[in-house]
Every structure is written in structure tokens, then in C-alpha cells.
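The structure presented is a predicted model; accordingly, all values stated were derived computationally and were not measured. Naming convention: chains lettered A, B, ... in sequence-line order (proteins, then strands); numbering from 1 in each chain.
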Number of protein chains: 2
Amino acid sequence: MKGLGELERSIMDILWAENAPLTAREVGRLIEDRDLAPTTVMTVLDRLSRKGFLTRTRDGRAWRYQPAASRDAYVAELMLEALDMTGDRDAALTRFARAVSGSEAEILLKALTELEEE
Amino acid sequence: MKGLGELERSIMDILWAENAPLTAREVGRLIEDRDLAPTTVMTVLDRLSRKGFLTRTRDGRAWRYQPAASRDAYVAELMLEALDMTGDRDAALTRFARAVSGSEAEILLKALTELEEE
DNA sequence: CTCACCTCTCTACAGGACGTAGTACTACCC
DNA sequence: GGGTAGTACTACGTCCTGTAGAGAGGTGAG
């Protein structure tokens with residue numbers, strides 16, 4: 001999986017936040033801070049769907065875009081990818097476990113113990 | 001933190017594997033597969049140290065390079081960085097926990113419970 | 001019907017990162 | 001003193017990303 005650029009991520013953030021599939025125009029409207037040309041938004045949406053991050057379906061002559069995967073799935077995949085980079089996964093995992101803050105450690109712990117119970 | 005290119009990562013891998021600081025020539029000798037010009041290796045080592053991934057110290061006229069952080073630390077940091085990207089860290093963590101394979105889940109679990117005991 | 005407009009697709013371009021390497025200069029060994 | 005090793009500086013092609021214009025084709029208002 002490739003990483004995302006800054007604008008690409010902003011746009012993914014918008015689509016992840018929204019629950020409905022959006023058109024390019026709607027996405028453009030939701031990026032207030034930057035004053036982007038409509039074609040810019042379209043181009044980025046197009047690239048994102050070509051990269052597999054977005055799915056699009058026709059709505060009249062417009063496309064509606066929506067994330068192919070949830071943000072959580074994306075983040076988890078990034079984390080696994082990082083983990084794959086190391087020779088010693090155990091060491092990396094241990095270090096990671098120590099680095100997460102307390103409340104998050106609890107979340108992890110809970111998710112893991114639930115797994116075991118299944 | 002920025003990501004690494006492919007050659008950059010190969011070189012980091014070599015330096016992470018070796019325990020001693022290496023010179024450019026030594027690194028070059030350890031990359032057999034590719035037939036790289038010595039200057040290529042030097043350039044990449046230089047960029048890596050400028051990016052903060054390597055530390056270098058003089059050894060006569062040559063530089064000796066060594067990783068600024070362990071690979072595990074790097075991997076853990078990448079994972080945390082991915083985690084920072086999400087709005088809902090708990091969801092991402094939960095998903096991550098489900099995605100790691102059984103033996104790794106145990107490693108994580110162990111590291112986490114050890115944390116609690118401290 | 002016609003014109004303004006929306007949306008699409010295609011094409012383009014600049015800047016940065018990275019892989020790759022040459023050149024020029026210095027210091028050292030034999 | 002010439003080959004060797006090492007450095008610093010410069011360079012260039014490629015790919016990715018941000019950014020956007022041009023042109024085509026449908027669509028609603030008047």
C-alpha cells in the first residue's frame with residue numbers, strides 16, 4: 001500500500017467523516033480552508049480511486065466517491081505494514097506496547113483478551 | 001518522520017544488522033546484489049544522516065555511520081505515527097489487535113501485562 | 001432552441017524525494 | 001609521485017503529488 005499525500009489525506013478524512021458517498025463538488029465544498037479549483041479535487045479523487053482508496057459509483061453524470069475501507073482498517077494496515085518491516089517482530093511489538101499510553105494499553109489489552117475468549 | 005526509499009531502507013537494514021559503525025565502503029561491500037557506485041552509497045548515507053536516521057563519527061578521513069535509533073524503535077514509531085492519524089484511536093487499536101496473528105497477540109499481551117505489574 | 005453551466009476526461013507542469021553517479025580535491029601508502 | 005581511498009558538491013532522470021486548464025458533452029432556464 002502506498003502512503004497518501006497531504007491533500008489526499010485531507011480528502012480521505014472528509015470522506016471518512018461523512019457516511020454518505022460524496023460528489024467531487026460536495027467534497028470541494030467541505031474543504032474550506034484551501035481554495036482549490038474544482039478540477040483539482042476531481043483529479044485527487046480520481047487518483048485516490050485508482051489507488052484503491054475510494055470506490056465510485058455513477059449518480060447521473062457525476063461520480064459519488066466513498067472510502068473503500070474504513071479509516072481504522074487503513075490505520076491498522078499501516079501499523080501492520082510497519083511491523084512487517086522489522087526482522088524481529090516481537091521486539092518491535094514489545095516496544096510498541098511500552099510506547100502506547102495507559103488508556104490505550106487498556107484498550108489493546110481488552111481487545112486481546114476478548115480475542116482469547118472467543 | 002519521513003519514510004525511507006528502497007535503497008535507503010536496504011542500507012538501514014545493513015546498519016541495523018551490523019552492530020558496529022560502518023564506513024561507506026564497508027556498507028557498499030555488504031550490498032552485493034546491486035552493483036552500486038561507491039559515491040551512490042556515500043550519497044545515500046549522507047542523506048540518511050541528514051535526515052536523522054544515522055549518526056556519523058570520524059575515523060581517520062572516513063566517516064563511520066551507525067543508526068541513530070534501533071530498528072524496533074523506528075518500527076514502533078511508525079506504528080504510533082499511523083495510530084496518530086486516526087480520529088478514533090481506540091477503534092484502530094482494537095482492529096489492530098484483531099489483525100495480529102495469535103503468537104504475536106501473545107507477545108503483545110505479555111508486554112502489556114508486564115507493564116501493568118510494574 | 002440556445003446559452004450558460006456543470007461535470008467529466010485528458011493533459012500539463014512545477015517541486016520534491018530518491019536512485020544513481022560523475023567530478024574535483026585531498027590525504028596517504030609504497 | 002602515482003595509485004588509492006575518501007570527501008564534498010553537483011547533476012540528472014523518474015516518480016509522486018499538488019495544482020489546474022482545455023475541451024467535450026449533457027442539462028436546465030428562458
Side-chain angles (χ1 to χ4, degrees), chain A residues 1-15 18 20-68 74 78 81-82 85, chain B residues 1-15 18 20-68 74 78 81-82 85:
Chain A
M1 185 178 34
K2 275 304 296 172
L4 296 174
E6 195 176 341
L7 177 55
E8 290 176 331
R9 192 137 76 202
S10 303
I11 288 185
M12 285 307 293
D13 276 339
I14 287 175
L15 286 165
E18 246 20 66
L22 299 184
T23 65
R25 181 141 300 251
E26 288 163 346
V27 171
R29 238 177 259 126
L30 290 173
I31 309 187
E32 324 88 5
D33 43 332
R34 306 201 218 190
D35 196 27
L36 296 174
T39 49
T40 301
V41 179
M42 286 187 209
T43 303
V44 176
L45 286 170
D46 196 51
R47 285 181 188 161
L48 285 170
S49 63
R50 225 172 289 172
K51 289 196 217 172
F53 287 99
L54 295 177
T55 302
R56 65 184 196 177
T57 45
R58 279 284 180 194
D59 178 11
R61 52 220 127 82
W63 290 105
R64 292 204 163 266
Y65 295 87
Q66 73 185 321
Y74 173 59
L78 275 187
E81 209 174 86
M85 235 188 55
Chain B
M1 185 178 35
K2 273 307 293 172
L4 297 174
E6 196 176 340
L7 176 55
E8 291 176 331
R9 192 138 76 201
S10 302
I11 288 185
M12 286 306 294
D13 276 339
I14 287 175
L15 287 164
E18 241 28 60
L22 299 184
T23 65
R25 180 142 300 251
E26 288 163 345
V27 171
R29 238 178 258 126
L30 289 173
I31 310 187
E32 325 89 4
D33 43 331
R34 306 202 218 191
D35 196 26
L36 295 174
T39 48
T40 300
V41 178
M42 286 189 207
T43 302
V44 176
L45 286 170
D46 197 51
R47 284 183 189 159
L48 284 171
S49 63
R50 224 172 291 172
K51 288 194 219 172
F53 287 99
L54 296 177
T55 302
R56 66 184 196 177
T57 46
R58 279 285 180 193
D59 177 13
R61 320 134 250 142
W63 290 105
R64 291 202 164 268
Y65 294 87
Q66 73 185 321
Y74 172 60
L78 274 187
E81 208 173 86
M85 233 189 57

Euclidean distance, B:Tyr74 OH relative to B:Leu4 CG, rounded to 0.5 Å
3.5 Å
Any side-chain heavy atom of B:Arg9 within less than 4.5 Å of one from A:Met85?
yes
Mapping A:Ala62 and A:Thr43 onto DNA chain C by nearest heavy atom, which one lands closer to the 5' end?
A:Ala62
Between P on D:dG18 and CE on A:Met42, what's the gap in Å once rounded to a whole number?
17 Å
Is the base of D:dT19 touched by the side chain of A:Arg47 through a donor-acceptor pair closer than 3.5 angstrom?
yes
What's A:Gly3 touching, base or sugar-phosphate or nothing? Going by heavy atoms closer than 4.0 Å.
sugar-phosphate
Could you tell me if the side chain of A:Leu30 sits less than 4.5 Å from the side chain of A:Glu18, heavy atoms only?
yes
Please state how far atom CG in B:Leu48 lies from atom C1' in C:dG19, giving the value in whole angstrom units.
12 Å
Starting at CZ of A:Arg64 and ending at P of C:dT7, how long is that distance when rounded to a whole Å?
10 Å
Rounded to whole angstroms, how far apart are CG on A:Leu7 and P on C:dG15?
18 Å
State which of D:dT19, D:dT17, D:dT7 makes the closest approach to the side chain of A:Glu8.
D:dT17
Which nucleotide, D:dG6, C:dG19, C:dA21, lies nearest any side-chain atom of B:Glu6?
C:dG19
Derivation of the side-chain contact (heavy atoms from CB on, under 4.5 Å) call for A:Leu36 and A:Leu7
CA-CA 10 Å; A:Leu36 296 174; A:Leu7 177 55; 3.7 Å; yes
Rounded to whole angstrom units, what separation is found between the CZ atom of A:Arg50 and the P atom of C:dC10?
8 Å
B:Val44 versus B:Val27: any side-chain heavy-atom pair under 4.5 Å?
no
Has A:Arg34 got a side-chain N or O lying under 4.0 Å from the OP1 or OP2 atom of D:dA20?
no
Output the rounded distance in Å from CZ (B:Arg61) to C1' (D:dT4).
9 Å
How is A:Arg9 classified with respect to the nucleic acid when contacts are heavy atoms under 4.0 Å: base, sugar-phosphate, or nothing?
nothing
Among C:dT20, C:dT9, D:dA8, which nucleotide sits nearest the side chain of B:Arg56?
D:dA8
In whole angstroms, the gap separating C1' of C:dG19 from CG of B:Leu4 amounts to 14 Å
Distance-only donor-acceptor test (3.5 Å): side chain B:Thr40, base C:dG19
no
Side chain of A:Arg25, heavy atoms from C-beta onward: which of C:dT9, D:dA5, C:dC6 has the nearest atom to it?
C:dC6
When rounded to whole Å, the CG to C1' distance for the pair A:Leu36 and D:dG21 reads 15 Å
Does OP1 or OP2 of D:dT17 have a side-chain N or O of A:Lys51 closer than 4.0 Å?
yes
